[in-house]
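Reading through the structure tokens given below for one structure.
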Amino acid sequence: QVQLVESGGGLVQAGGSLRLSCAASGRTFSSYTMGWFRQAPGKERELVAAIRWNGGSTSYADSVKGRFTISRDNAKNTVYLQMNSLKPDDTAVYYCAADPNWRVGVLYDYWGQGTQVTVSS
């Protein structure tokens, strides 16, 4: 069982930056793929970025490549999403998720409660 708690969301102007954090409980965090997802009103949930258990591989949505960076610190049971050059289209609830397998879809086993990111124009 893995419990996930996101933090770091908020209101930012276009062009600004935010860093999201996701703290995980559970002794097996270091063996899990971690993903960041987002869901805007009226839209489906989409994968933003994913990272393998050892940080050896990452995957990004085309819309965030070059602007967002996912990273993890297994010693701290935490995964991060650094978001730069934010755009109004990035406005959404951002979710952290964990899965024992490498996944780039939405079928992750464990989910956080989400944190709101709002980018003003």
Which residues pass the salt bridge (Lys or Arg N to Asp or Glu O under 4.0 Å) test with Arg72, not counting sequence neighbours?
none
So, the side chain of Ser25 versus the backbone of Gln3: is there a donor-acceptor pair under 3.5 Å, distance only?
yes
Residues in salt bridge (Lys or Arg N to Asp or Glu O under 4.0 Å) contact with Arg67, at least two apart in sequence or another chain:
Asp90
Measure from the side-chain N and O atoms of Thr33 to the backbone N and O of Asn101, and report whether any donor-acceptor pair falls under 3.5 Å.
yes
Check: Asp99 side chain, Asp109 main-chain N or O, donor-acceptor pair, under 3.5 Å
yes
Is there a donor-acceptor contact under 3.5 Å from the side chain of Asp73 to the main chain of Ala75?
yes
So the disulfide bond (SG atoms under 2.5 Å apart) pairs with at least one residue in residues 26-72 (sequence neighbours excluded) are none
Hey, does the side chain of Glu6 reach the backbone of Gly114 with a donor-acceptor pair shorter than 3.5 angstrom?
yes
Strictly by disulfide bond (SG atoms under 2.5 Å apart), give each pair with a member in residues 22-109 just once, sequence neighbours left out.
Cys22-Cys96
Looking at Ala40 and Ala92, what are the two nearest heavy atoms and their distance?
N-CB, 3.8 Å
Starting from Leu11 and following side-chain heavy-atom contacts under 4.5 Å between hydrophobic residues (I, L, V, M, F, W, Y), which residues can be reached?
none
Identify the heavy atoms of Ser85 and Ser17 that sit nearest to each other, and give their distance.
N-OG, 4.3 Å
Approximate separation, where rounding is to 0.5 Å, of Ser31 OG and Trp53 CH2:
8.5 Å
Taking Thr78 for its side chain and Lys76 for its backbone only, find out whether a donor-acceptor pair lies under 3.5 Å.
yes
Worked check of side-chain contact (heavy atoms from CB on, under 4.5 Å) between Arg38 and Glu46
CA-CA 6 Å; Arg38 67 186 181 187; Glu46 63 172 347; 2.7 Å; yes
Transitive ILVMFWY cluster of Ile51 at side-chain heavy atoms under 4.5 Å: who else is in it?
Val2, Leu4, Val12, Leu18, Leu20, Phe29, Tyr32, Met34, Trp36, Val48, Tyr60, Val64, Phe68, Ile70, Val79, Leu81, Met83, Leu86, Tyr94, Tyr110, Val117, Val119
Testing Phe37, Tyr95, Trp102 for ring-ring contact (aromatic ring centres under 6.0 Å, His included) with Tyr108, which one passes?
Phe37
